[in-house]
Amino acid sequence: MQADPVRLERSGDIGLILVNHPPVNALSHAVRLGLIEALAAFEADGSLRAAVLACDGRTFIAGADINEFSQAPEQGEPLLHVFLRALDACQKPVVAALHGTALGGGFEVALACHARVIAPDGYVGFPEVRIGLLPGAGGTQRTPRLVGPLVALDLVTSGRHVPADEAMALGLVDEVATDLRRAAVARAGQLAAAGLLPRVADRTIPAFDRAAFEAALALVHRRARGALAPVRAADAVTFALTSPLQDGMAYETALFRELLAGPQSRALRHLFRAERIAARPPHGVAPRPVRRVGVVGGGTMGSGISVALTDAGLDVTLVEVSPTAADAARQRVQAVYDRQLRTGRLSERLHEERTGRVRYESDLRALRDCDLVIEAVIEDLDAKRAVFRALSGIVRRDTVLASNTSYLDVNLLADEVDAPERVLGMHFFSPAHVMRLLEIVRPARALPEALATSLAVARRLRKQAVVAGVCDGFIGNRILAKSRAQAEYALEDGALPADVDAALEAYGMAMGIFAVLDMAGLDVDWADRRRKAAIRDPRQRVVPVFEQICEKGRFGQKTGRGFYLYRDGQRLPDPDVTTLVEAASAARGITRRTVPPEEIQQRVHAAMVNEGANVLSDGIAARPADIDVVLVHGYGYPAWRGGPMHEADEIGLREILHRVEALHDASGLGWEPAPLLVELARTRKTFADLNR
Ligand code: 3H9
């Protein structure tokens with residue numbers, strides 16, 4: 001840790017309070033102390049008329065120091081509030097000069113300054129809800145006074161980053177300036193000359209549309225889906241409408257402390273760390289430069305991947321089997337961008353620029369100059385092998401070759417090429433330009449350099465990368481297969497698809513298992529299930545309903561029927577499926593019973609944890625936290641629970657083991673408790689112990 005993270009300099013008669021605390025100038029203990037001292041020194045210096053508060057490095061203060069949140073409270077002294085009170089009491093103007101990301105406590109400091117100037121590429125915002133907190137240093141009280149309760153509510157409950165031009169339009173900042181320091185110094189001088197000390201604290205709440213506010217509040221509650229922080233943040237903004245600032249600050253602090261001590265913030269802070277560790281490239285290995293990327297196959301996945309690449313500023317060559325198929329791929333990509341243009345999410349200029357950056361070809365030789373090629377043809381080993389064999393004779397020897405397979409053995413694809421150590425998997429999730437998760441599948445021979453390259457591409461695509469080993473289904477689909485099996489057993493025991501889905505949604509899952517299956521298309525899974533059925537031990541418990549639905553040509557939403565019936569845009573229970581489910585129970589001699597939602601939730605969770613433990617023992621995931629990241633970002637597991645492995649630690653592994661033993665008793669072969677889980681429970685250890 002460096003000695004002096006805050007210093008006071010001067011520019012003529014303007015003081016410069018400068019923070020230098022890499023990587024993101026977080027408000028660590030030493031920074032808070034330094035700010036208090038620098039402000040006091042500035043106030044005491046009669047030759048300084050005003051001050052600018054600015055940061056060195058890549059960003060203005062990006063918030064409180066998240067690492068300190070897990071430490072003992074006394075280490076929190078002096079509190080940020082001490083500095084904010086000093087700013088409020090300061091009799092000379094202080095102007096905040098914002099660049100990079102002025103977030104959370106950082107933006108709260110800026111709001112306590114007398115004016116705010118921002119660089120054109122800067123952002124402001126309150127991302128606290130993403131780590132299960134609310135702005136705890138006045139953000140929920142000052143923001144509604146500055147820009148009205150509606151904007152405040154949006155910012156503190158969504159956590160979104162607001163770009164400079166929008167921040168200006170909303171009134172969150174006073175000026176956007178290319179020459180940031182100079183503009184901030186000039187403004188500080190002007191305020192001093194005019195004898196002005198504008199304080200957000202002195203403002204009253206501006207007039208607002210009460211009905212619109214109530215509607216926005218209702219939406220926050222509906223969208224929270226079990227998450228506490230957005231609800232509490234909304235409470236704090238509501239409180240500001242009728243209370244003096246000091247009371248509001250006290251209320252906000254009480255809520256902040258409650259959230260900080262609670263399990264949801266603990267879970268979300270665990271994820272914050274886990275996300276960054278999972279995506280870390282191998283130490284000291286440089287990625288290869290990637291400019292042009294080839295995509296083989298322009299179906300749903302290939303076109304989605306092309307959009308993701310183009311969005312990130314990469315040039316794409318998409319190859320299909322024929323000019324007609326290439327044209328269909330062009331239309332798929334075009335449709336995504338046209339929709340974005342229509343809905344105002346993309347300007348005409350960007351629409352033209354992005355659609356122009358994809359080349360469509362029908363000959364693999366067009367990929368000659370690519371730095372990375374991603375294969376996204378049908379999920380068939382022979383088809384994929386043929387593509388890799390052909391690519392090997394076309395691309396450079398250092399071109400990284402990736403397959404988008406969701407369960408096939410990437411080692412077998414590597415066998416087809418010259419220099420197999422540059423082959424790996426890049427498993428995107430559908431729709432590929434929307435879903436954040438990207439499993440990077442690492443075959444035995446893959447070079448660290450190839451891995452670093454794919455991780456760098458993932459970062460550029462703003463995807464959450466997690467490295468997985470080679471096995472059937474990698475991390476996510478392998479665990480999903482087990483949790484889905486329990487959902488199917490619950491059908492046989494007495495539940496209906498809507499009961500299972502309602503239980504999982506009440507748990508906080510983005511969508512129930514059967515609704516997801518219908519959305520993705522049952523035919524996709526059917527092929528995989530048939531493949532697995534051929535190699536399965538016949539003594540294993542299997543529910544025939546899925547196959548029976550598929551045999552009737554019902555493939556989910558796209559055919560209007562699957563586990564549910566789809567009519568007029570609505571998802572409805574289907575009596576035919578009820579009949580199939582009841583028949584399945586009867587065939588197994590099961591007397592149907594009411595399966596309580598908690599039982600469904602616990603069974604699905606226990607199945608995930610047990611398979612997660614096997615995934616760890618097999619070396620498919622490097623750490624339990626990686627599994628959490630996969631389930632949260634790719635499978636709709638509620639982030640505020642921190643992922644299944646973190647949740648298991650919170651519940652206690654002895655209890656989890658009991659639940660897994662109950663699964664084994666009820667479900668038989670294939671449900672044995674994972675040796676790793678047994679060992680951890682026996683030695684009273686946690687999955688978190690393995691993260692270190
Ligand atoms: C808060 O402010 C509470 C207040 O309201 C009330 C207080 C009383 N602390 O993400 P990156 C580290 S709550 C400590 O890869 P990027 C991060 O771990 C806070 N460390 O970079 C990583 O370390 P490593 C509200 C932090 O360029 C390194 O910096 N603020 C913090 O992709 C680089 O991070 C937030 O929630 C932190 N606050 O993105 C902002 N932030 O290399 C959280 C980052 O060892 N941060 N680090 O893995 C972010 O959203 C992104 O980091 C940011 C940069 C956008 C700033």
Side-chain angles (χ1 to χ4, degrees), residues 81 84 88 102-105 107-116 118 123-174 198-259 262 264-265 343-345 508 640:
H81 287 78
L84 297 180
D88 272 337
L103 301 176
F107 191 50
E108 290 174 300
V109 165
L111 287 177
C113 291
H114 302 95
R116 287 150 294 283
I118 189 168
Y123 288 84
V124 302
F126 294 115
E128 284 90 340
V129 283
R130 297 187 189 170
I131 48 169
L133 297 172
L134 50 69
T140 64
Q141 305 301 301
R142 288 184 212 256
T143 316
R145 286 173 163 79
L146 182 64
V147 292
L150 271 154
V151 174
L153 189 68
D154 166 33
L155 296 189
V156 304
T157 59
S158 71
R160 73 186 177 92
H161 295 184
V162 182
D165 50 353
E166 190 192 348
M168 183 70 201
L170 291 173
L172 289 162
V173 297
D174 302 283
R199 270 190 293 244
V200 176
D202 296 338
R203 290 172 169 250
T204 51
I205 305 280
F208 67 100
D209 180 342
R210 172 66 67 173
F213 184 74
E214 295 296 338
L217 267 185
L219 197 64
V220 169
H221 282 255
R222 227 181 15 256
R223 287 195 178 148
R225 311 174 58 83
L228 205 54
V231 174
R232 289 287 180 266
D235 287 349
V237 172
T238 310
F239 192 86
L241 306 183
T242 52
S243 313
L245 185 79
Q246 286 318 317
D247 292 0
M249 297 277 283
Y251 183 66
E252 181 195 74
T253 298
L255 293 182
F256 181 84
R257 290 199 174 138
E258 175 201 317
L259 290 174
Q264 293 200 3
S265 176
T343 52
R345 273 179 297 156
W640 55 267

Euclidean distance, [Y] [atom2] relative to [X] [atom1], rounded to 0.5 Å:
{"X": "Leu245", "Y": "Arg142", "atom1": "CG", "atom2": "CZ", "value": "5.5 Å"}
{"X": "Leu228", "Y": "Trp640", "atom1": "CG", "atom2": "CH2", "value": "9.0 Å"}
{"X": "Ile118", "Y": "Asp165", "atom1": "CD1", "atom2": "CG", "value": "9.0 Å"}
{"X": "Leu146", "Y": "Leu170", "atom1": "CG", "atom2": "CG", "value": "9.5 Å"}
{"X": "Leu84", "Y": "Met249", "atom1": "CG", "atom2": "CE", "value": "6.0 Å"}
{"X": "Gln141", "Y": "Glu252", "atom1": "CD", "atom2": "CD", "value": "5.5 Å"}

side-chain contact (heavy atoms from CB on, under 4.5 Å) between Asp88 and Arg199, worked out: CA-CA 7 Å; Asp88 272 337; Arg199 270 190 293 244; 4.1 Å; yes
Any [X] side-chain heavy atom under 4.5 Å of [Y] side chain:
{"X": "Arg160", "Y": "Leu155", "value": "yes"}
{"X": "Thr143", "Y": "Leu172", "value": "yes"}
{"X": "Val156", "Y": "Val129", "value": "no"}

Should the pair Tyr251 and Phe239 be assigned to parallel (<30°), tilted (30 to 60°) or perpendicular (>60°) ring geometry?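 Rings of Tyr251 and Phe239: parallel, as their planes differ by under 30°.
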Starting from the C-alpha separation in whole Å, work towards a yes-or-no answer on side-chain contact (heavy atoms from CB on, under 4.5 Å) for Glu128 and Thr140. CA-CA 11 Å; Glu128 284 90 340; Thr140 64; over 6 Å; no
Give the minimum heavy-atom separation between [X] and [Y], together with the two atoms involved.
{"X": "Pro144", "Y": "Pro206", "result": "O-CD, 3.3 Å"}
{"X": "Gly248", "Y": "Ser243", "result": "N-CB, 4.5 Å"}
{"X": "Ala240", "Y": "Ile205", "result": "O-CD1, 3.8 Å"}
{"X": "Ala115", "Y": "Asp174", "result": "CA-OD2, 3.3 Å"}
{"X": "Ala110", "Y": "Arg116", "result": "O-NH1, 2.8 Å"}
{"X": "Ala216", "Y": "Leu150", "result": "CB-CD2, 4.0 Å"}

When you measure from the side chain of His81 to the backbone of Gly136, do you find a donor-acceptor pair of N or O atoms at a distance under 3.5 Å?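 Side chain of His81 to backbone of Gly136: a pair is present.
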Donor-acceptor under 3.5 Å (Arg232 side chain, Leu259 main chain):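 No; judged by distance alone, with no hydrogens or angles, the pair does not exist.
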For Ser265, enumerate each residue passing the side chain to side chain donor-acceptor pair (under 3.5 Å) test, keeping only those at least two apart in sequence or located in another chain.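 Arg269.
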Excluding sequence neighbours, so at least two apart, what forms side chain to side chain contact (heavy atoms under 4.5 Å, CB included) with Phe256?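 Phe256 satisfies side chain to side chain contact (heavy atoms under 4.5 Å, CB included) with Phe69, Leu133, Leu134, Leu260 once adjacent residues are dropped.
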